[in-house]
Student: 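Shown below is the structure under consideration.
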Amino acid sequence: MNKKFWDGLPADVRTTLEGAMVDATKYANQIAEQQNLRDLESVKKSGKTTVYTPTPAEKAALKAALVPVHKKMESRIGADLIQSIYKETGFTAQ
């Protein structure tokens, strides 16, 4: 919804809606995770596709390789947003 409408809602209604959005997002993410796991298992059982799981070192290398992209995108999406994503995901840009 747009900011003007949101700001026009009573504070108690905004609080209730914010809680509902958090709950709905958590529930949707749980459903998606369960479906993803079922689908991955189906792919593996089919035998038609090789599923590769990167090692921790490979994951770390990929993350490190993406840091310059994050820096480049700061001007478009904001350093604050990038930092908040780092915080939420436990990502460190070292």
Side-chain angles (χ1 to χ4, degrees):
M1 66 184 69
N2 69 44
K3 182 170 176 29
K4 183 178 177 182
F5 179 79
W6 179 259
D7 290 344
L9 293 172
D12 63 321
V13 172
R14 286 194 311 264
T15 300
T16 300
L17 288 173
E18 287 171 342
M21 287 186 287
V22 168
D23 293 344
T25 299
K26 182 178 177 181
Y27 180 66
N29 287 343
Q30 288 172 344
I31 291 171
E33 182 178 15
Q34 292 167 357
Q35 186 64 50
N36 288 345
L37 291 172
R38 283 192 299 270
D39 291 345
L40 178 59
E41 192 57 35
S42 293
V43 167
K44 288 177 179 178
K45 284 182 178 179
S46 77
K48 297 178 182 179
T49 304
T50 301
V51 176
Y52 179 79
T53 303
T55 66
E58 290 169 328
K59 287 180 185 181
L62 177 60
K63 287 180 178 182
L66 289 173
V67 171
V69 176
H70 301 165
K71 290 286 183 197
K72 185 175 181 178
M73 297 305 291
E74 278 183 354
S75 64
R76 292 183 67 189
I77 63 174
D80 290 346
L81 178 59
I82 291 171
Q83 290 305 314
S84 70
I85 293 169
Y86 285 178
K87 183 179 177 184
E88 287 294 319
T89 61
F91 181 84
T92 55
Q94 271 87 31

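Owing to the predicted nature of the structure, the values given are computational and were not obtained by experimental measurement.
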Student: Hydrophobic cluster membership, with links at side-chain heavy-atom distances under 4.5 Å among I/L/V/M/F/W/Y: are Phe5 and Leu17 in one?
Tutor: yes
Student: For residues Gln83 and Phe91, determine if any side-chain heavy atom of one lies less than 4.5 Å from a side-chain heavy atom of the other.
Tutor: no
Student: What I want to find out is whether Lys71 reaches Glu74 closely enough, with some N-O distance under 4.0 Å, to be called a salt bridge.
Tutor: yes
Student: Same cluster or not: Met1 versus Met21, using hydrophobic residues (I, L, V, M, F, W, Y) connected whenever any side-chain heavy atoms lie under 4.5 Å apart?
Tutor: yes
Student: If I take atom CG from residue Asn36 and atom CD from residue Glu33, how far apart are they, to the nearest 0.5 angstrom?
Tutor: 8.0 Å
Student: Taking Glu88 for the side chain and Ile85 for the main chain, is one N or O donor matched with an acceptor at less than 3.5 Å?
Tutor: no
Student: Are there more than 12 heavy atoms of other residues, nucleotides or ligands under 6.0 Å from atom CD of Gln35?
Tutor: yes
Student: Rounded to the nearest 0.5 Å, what separation is found between the OG1 atom of Thr53 and the NZ atom of Lys59?
Tutor: 7.5 Å
Student: Establish whether Val69 and Tyr86 are linked, either directly or via other cluster members, by ILVMFWY side-chain heavy-atom contacts under 4.5 Å.
Tutor: yes
Student: Please find the pair of heavy atoms, one from Asp7 and one from Arg14, that lie closest to each other, and give the distance.
Tutor: O-NH1, 3.4 Å
Student: Evaluate the side-chain proximity of Thr25 to Asn29: yes if any heavy-atom separation is below 4.5 Å, no if none is.
Tutor: yes
Student: Which heavy atom in His70 sits nearest to a heavy atom in Ile82, and how many Å separate them?
Tutor: O-CD1, 3.2 Å
Student: Atom CZ of residue position Arg76 - does it have more than 12 heavy atoms of other residues, nucleotides or ligands inside 6.0 Å?
Tutor: no
Student: Is it true that atom CG of Asp39 has more than 12 heavy atoms of other residues, nucleotides or ligands lying nearer than 6.0 Å?
Tutor: yes
